[in-house]
Amino acid sequence: MTQKRYRIGVMFSTTGSYSVVARSILNGALLAFQEINASGGDIVLEPVVVNPSGDLARYRSLSLELLGSGIRQVVGCYTSSSRKEVIPCFEKFDGLLWYPSHYEGFESSDNVIYTGAAPNQHVLPLVDYLVSRVGTRAFCIGSNYIWAWENNRIFREALIARGGTVLAERYLSVGDTEVDQVIAAIIDQRPDFVFNNLIGTSAYAFFRAFRAACRARGIDQAAEIPVASCTLSEPELPEIGPDAIDGHLSSSVYFSSLNSPENAAFIDAYTKSFPDGPVSSADAESSYIGVKLLAAALSQAGTDDARTVRAAVADQRLRAPQGEVRIDRQTFHAWLTPRIGRSAANGQFEVLLESREPIAPDPYLVQSSPRFASAMRSPLLKVV
């Protein structure tokens, strides 16, 4: 068999304030490359790995270097700000960015394939869970960039449509760990829950300090003021530390504790390939999925031309660790399976609820009419 060889860009910030998650994402992509190349199929993929170190200017310059070297396909970016920074490069030079992170939606580019969760697959299920099982009064916090701004906006409008209230919103610079003032405001307002969009070291500092501040006041934080996120994942729990690791809610399409043959094989292969960690996560699974779908599309297309590969990927289906995944032909976002989990002291998430089946991506929330009124309801979820 004649094999075609393709160079694939891989661009994640494996150093910097959110490096723990980024290393997990990189590992997921590298595992997929290993499996594809070992399969003896008709293509061989050569990953070209670069590290922007969380610097937006570096994201742009590295994207231009990769595209300028003839690479047409790049798996990369974790933050929305980095994705926004590089999309014009891919549009100008007709490359294809495979974006593996959950995100805030309200974006469409012919030069991006989105394998992470859209807002109707993580924000709206979380709103539904919180209103029905926790309460209606929220305090929103986040890192001061587009992900948190937009996620809090979507969350706020969805919560208000369900009869809830946002008591306040607070933002910290990415990497800021001075959280005492915002914690004092939360405890003073006593919301039913905190909606957290902090990332990286800011989030870890917040979880530790918030648990300690509540404990000092005799408040059972996990029970009385739980923290709910759309970002918290397994590699981050050890970064929080043992005193505050448990009781946090997370809305995600994947948890490493899922019980399925596909996930068992994924976890086994991931652990053997990366024994030093970080452990797998939803973003690692998403990058793994992205590379697998990219390989299938390249094989079908017979070329790495961006437009031809984009057309081919809509025909692909994948039995992924989370369940069946496919790319929506209209939006080029993925059909994914929403889940709600709660962190445990063992560094895993207990799955509380999950969708009965993958749901279609709705990045612009156009299927929610009137505004957010048809957000994902509990009949689509089953208790685990």
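Residue numbers start at 1 and run along the sequence shown. What you see is a predicted model; the values in this text were computed from it and never measured.
The distance from the OG atom of Ser233 to the CD atom of Glu285 is 12.0 Å, given to the nearest 0.5 Å. Interatomic distance, CG of Leu67 versus NZ of Lys92, reported as 11.0 Å (0.5 Å rounding).
At most 12 non-hydrogen atoms from other residues, nucleotides or ligands lie less than 6.0 angstrom from CG of Asn259. Counted within 6.0 Å of CD on Gln189, heavy atoms from surrounding residues, nucleotides or ligands total more than 12; the atom is thus considered enclosed. Enclosure of atom CZ in Arg215 by more than 12 non-hydrogen atoms of other residues, nucleotides or ligands within 6.0 angstrom is indicated. Counting non-hydrogen atoms of other residues, nucleotides and ligands closer than 6.0 Å to CZ of Arg137 gives a total above 12.
Under the 30°/60° scheme for interplanar angles, the aromatic rings of Tyr254 and Phe266 are found to stand perpendicular.
A donor-acceptor contact shorter than 3.5 Å links the side chain of Gln322 to the backbone of Thr337. Distance alone, capped at 3.5 Å, is enough to place a donor-acceptor pair between the Ser202 side chain and the Asp176 backbone. Listed for the Glu150 side chain is no donor-acceptor partner under 3.5 Å among the backbone atoms of Ile146. Remark: side-chain polar atoms of Asn144 are not paired, donor with acceptor, to backbone N or O of Leu172 under 3.5 angstrom. Side-chain atoms of Ser343 come within 3.5 Å of backbone N or O of Ile245 as a donor-acceptor pair. Under the 3.5 Å distance criterion, the side-chain polar atoms of Ser286 are left unmatched by any main-chain donor or acceptor of Ala282. With hydrogens and angles ignored, the 3.5 Å screen pairs a side-chain donor or acceptor of Asp362 with a backbone N or O of Gln367. Side-chain atoms of Asn111 come within 3.5 Å of backbone N or O of Gly95 as a donor-acceptor pair. With hydrogens and angles ignored, the 3.5 Å screen pairs a side-chain donor or acceptor of Asn37 with a backbone N or O of Leu45. The backbone N or O of Ser132 sits nowhere less than 3.5 Å from a side-chain atom of Arg162 that would complete a donor-acceptor pair.
Side-chain polar atoms of Thr14 and Ser19 form no donor-acceptor pair below 3.5 angstrom. Between the side chains of Thr79 and Ser81, at least one donor-acceptor pair of N or O atoms lies under 3.5 Å. With no hydrogens or angles considered, no side-chain donor-acceptor pair links Ser281 and Glu234 at under 3.5 Å. Side-chain atoms of Ser299 and Asp42 form a donor-acceptor pair, as typed in the model, at a separation below 3.5 Å. The closest side-chain donor-acceptor pair between Gln34 and Ser273 falls under 3.5 angstrom. In this model, a donor atom of one side chain and an acceptor atom of the other lie less than 3.5 Å apart for Tyr171 and Asn152. Counted by atom type alone, Ser24 and Asn27 present zero donor-acceptor pairs between their side chains at under 3.5 Å. Tyr6 and Glu46 share no side-chain donor-acceptor pair at under 3.5 Å. No hydrogens or angles considered: a donor-acceptor pair under 3.5 Å links the side chains of Ser13 and Tyr59. Judged by distance alone, the side chains of Asn197 and Trp149 never bring a donor and an acceptor atom under 3.5 Å apart. A donor and an acceptor atom, one from each side chain of Arg60 and Ser63, are nowhere located under 3.5 Å apart. Side-chain contact, Asn51 with Thr15: a donor N or O sits under 3.5 Å from an acceptor N or O. Judged purely by distance below 3.5 Å, without hydrogens or angles, the side chains of Trp98 and Gln73 pair a donor atom with an acceptor atom. No side-chain donor-acceptor contact under 3.5 Å links Glu107 and Tyr364.
The aromatic ring centres of Tyr78 and Tyr18 sit less than 6.0 Å apart. The distance between the ring centers of His122 and Tyr103 does not fall below 6.0 angstrom.
The residues Arg211 and Asp246 are annotated as salt-bridged, a charged nitrogen and a carboxylate oxygen being separated by less than 4.0 angstrom.
Residues Val112 and Phe332 are not in side-chain contact: their nearest non-hydrogen atoms beyond the backbone lie 4.5 Å or more apart. The side-chain heavy atoms of Pro191 and Phe193, taken from C-beta on, include no pair separated by under 4.5 Å. In this structure the side chain of Leu159 never reaches within 4.5 angstrom of the side chain of Thr165, judged on heavy atoms.
Note on Val49 and Val74: same hydrophobic cluster, where clusters join Ile, Leu, Val, Met, Phe, Trp and Tyr whose side-chain heavy atoms are under 4.5 Å apart, directly or indirectly.
A cation-pi arrangement, defined by a distance under 6.0 Å to the six-membered ring centre and an angle within 45 degrees of its axis, is present between Arg153 and Phe106.
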Check step by step if salt bridge (Lys or Arg N to Asp or Glu O under 4.0 Å) holds for Asp128 and Arg133. CA-CA 8 Å; Asp128 188 73; Arg133 297 168 185 266; over 6 Å; no
Between Asp110 and Glu91, does the side-chain contact (heavy atoms from CB on, under 4.5 Å) criterion hold? Intermediate values first, please. CA-CA 8 Å; Asp110 289 345; Glu91 292 177 341; over 6 Å; no
